[in-house]
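Below, chains carry the letters A, B, ... as their sequence lines are ordered, and counting in each starts from 1. Worth knowing before you read on, the calculation uses all heavy atoms, side chains too, and leaves out hydrogens, waters and symmetry mates.
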There are 2 protein chains.
Amino acid sequence: MRAEALKGHLDGLLLAALEDGPRHGYAVKEALRDATDGKLDLPTGTVYPALHRLEQAGLISGSWVVVAGRRRRTYELTEDGRRSLKGARDNWQEFAAVVSTALRGAPWPATS
Amino acid sequence: MRAEALKGHLDGLLLAALEDGPRHGYAVKEALRDATDGKLDLPTGTVYPALHRLEQAGLISGSWVVVAGRRRRTYELTEDGRRSLKGARDNWQEFAAVVSTALRGAPWPATS
DNA sequence: CGCTATAGGTAGCAACGCTACGTATAGGAG
DNA sequence: CTCCTATACGTAGCGTTGCTACCTATAGCG
């Protein structure tokens with residue numbers, strides 16, 4: 001998968017991974033990997049800063065938990081986050097439709 | 001459409017717009033707009049630099065033409081461009097499938 | 001004569017995902 | 001006991017890239 005391809009679509013994926021309950025960052029990364037059959041294996045340097053952005057934006061809220069001597073930052077969706085996820089899904093639908101149409105090519109208006 | 005959404009997907013769209021014959025930059029912009037029912041109305045500041053990039057990369061080749069006293073830069077796909085377009089379509093298919101899957105959410109692995 | 005559509009262009013910016021690191025603990029392999 | 005891997009979090013800096021805002025110029029119409 002090309003590096004730039006994800007730009008602007010990552011946030012929705014992260015929100016979706018938190019939709020059915022709280023998860024910590026590493027688990028989000030794994031959830032996305034598992035759900036996509038390994039095809040979406042995000043580097044941690046992508047996941048953590050993105051989660052920080054989302055928290056900053058108020059779309060998720062995080063809290064520290066200690067499990068088996070390891071500290072975890074657990075995130076859950078806020079109400080805004082839920083709304084944003086819905087918006088992200090709608091946007092994706094439209095975006096995908098537009099790109100699919102334009103990429104398919106035909107029928108182009110006659111070449112002038 | 002969110003600004004960042006297109007990142008990494010523009011090149012394929014431009015190549016697709018040139019698939020069935022040479023077009024100049026402005027016509028490429030119009031072709032994409034018309035083909036997507038006005039939903040993909042790229043600013044010229046996006047189109048022209050992108051075409052320059054594609055020419056630089058050897059995916060399209062351009063030449064100046066004068067039509068009705070107006071100079072036009074007409075582009076056509078190179079062989080590399082045709083290959084790249086094919087690759088872009090394949091990548092898009094995979095990318096769209098992955099994002100659609102992850103965005104849909106279910107079924108996530110059990111929350112640990 | 002002014003306005004719009006057509007046609008091309010650039011400079012500079014902002015966003016954002018990635019690479020390459022660094023820290024630390026738990027647990028199994030040897 | 002030690003080493004290695006998986007788990008878990010983090011940041012600095014970079015490169016790409018589309019966009020905003022602007023500029024130039026011609027054709028054609030009111």
Side-chain angles (χ1 to χ4, degrees), chain A residues 1-15 17 22-34 40-57 59-60 62-75 88 95 98-99 102 109 112, chain B residues 1-15 17 22-34 40-57 59-60 62-75 88 95 98-99 102 109 112:
Chain A
M1 190 122 47
R2 288 229 15 272
E4 303 289 334
L6 253 190
K7 293 244 173 169
H9 306 286
L10 177 62
D11 292 4
L13 301 180
L14 297 175
L15 293 175
R23 270 203 171 87
H24 59 283
Y26 199 83
V28 166
K29 169 180 147 68
E30 287 188 306
L32 288 172
R33 171 165 49 71
D34 294 349
L40 189 69
D41 197 1
L42 301 172
T44 66
T46 291
V47 174
Y48 292 121
L51 288 172
H52 298 336
R53 274 200 300 270
L54 292 176
E55 190 178 18
Q56 200 71 23
L59 304 183
I60 61 179
S63 56
W64 286 107
V65 183
V66 174
V67 176
R70 245 194 292 263
R71 82 198 219 286
R72 288 178 178 174
R73 183 92 179 148
T74 297
Y75 295 101
F95 173 75
V98 165
V99 173
S112 47
Chain B
M1 188 122 48
R2 289 231 13 276
E4 303 289 333
L6 255 189
K7 293 242 173 170
H9 305 286
L10 177 62
D11 292 4
L13 301 181
L14 297 175
L15 294 176
R23 269 204 171 84
H24 60 282
Y26 199 83
V28 167
K29 169 180 149 65
E30 287 188 307
L32 288 171
R33 171 164 50 71
D34 295 349
L40 190 69
D41 196 1
L42 301 172
T44 66
T46 293
V47 174
Y48 292 121
L51 288 172
H52 298 335
R53 274 201 298 270
L54 292 176
E55 190 177 17
Q56 201 70 22
L59 304 183
I60 60 179
S63 56
W64 286 107
V65 182
V66 175
V67 176
R70 244 194 291 266
R71 80 201 219 285
R72 288 178 177 172
R73 183 90 180 153
T74 297
Y75 295 101
F95 174 74
V98 165
V99 173
S112 45

Residue from A:Leu51, A:Leu10, A:Leu14 passing side chain to side chain contact (heavy atoms under 4.5 Å, CB included) with A:Thr46:
A:Leu10
Spacing of B:Glu30 atom CD relative to C:dT6 atom C1', expressed in whole Å:
8 Å
Steps toward side-chain contact (heavy atoms from CB on, under 4.5 Å) verdict (B:Arg23, B:Glu30):
CA-CA 10 Å; B:Arg23 269 204 171 84; B:Glu30 287 188 307; over 6 Å; no
Write down the distance between CG (B:Asp41) and P (D:dG18), rounded to a whole number of angstrom.
16 Å
In whole Å, what is the span from the CZ atom of A:Arg73 to the C1' atom of C:dT23?
18 Å
Between C1' on D:dA8 and CH2 on A:Trp64, what's the gap in Å once rounded to a whole number?
9 Å
Ring geometry between B:His9 and A:Phe95 (parallel below 30°, tilted from 30 to 60°, perpendicular above 60°):
perpendicular
Would you indicate what A:Gly25 reaches in the nucleic acid, counting non-hydrogen atoms under 4.0 angstrom: base, sugar-phosphate, or nothing?
sugar-phosphate
Figure out the NE2/C1' separation between A:His9 and D:dT17, and round it to whole Å.
13 Å
To the side chain of A:Arg72, which of D:dA8, C:dA7, C:dG17 is closest?
D:dA8
Need one value for A:Gly69: base, sugar-phosphate or nothing, where a base atom within 4.0 Å counts as base even if backbone is also close, heavy atoms only.
sugar-phosphate
Which of D:dG18, C:dG9, D:dA6 is nearest the side chain of B:His52? It is C:dG9
If you assign B:Thr44 and B:Pro49 each to the DNA chain D nucleotide with the nearest heavy atom, which residue ends up on the more 5' nucleotide?
B:Pro49
What is the distance from OH of B:Tyr48 to P of D:dC22, rounded to the nearest Å?
19 Å
Candidate nucleotides C:dG17, D:dA8, C:dA7, ranked by approach to the side chain of B:Arg70 - the nearest:
C:dA7
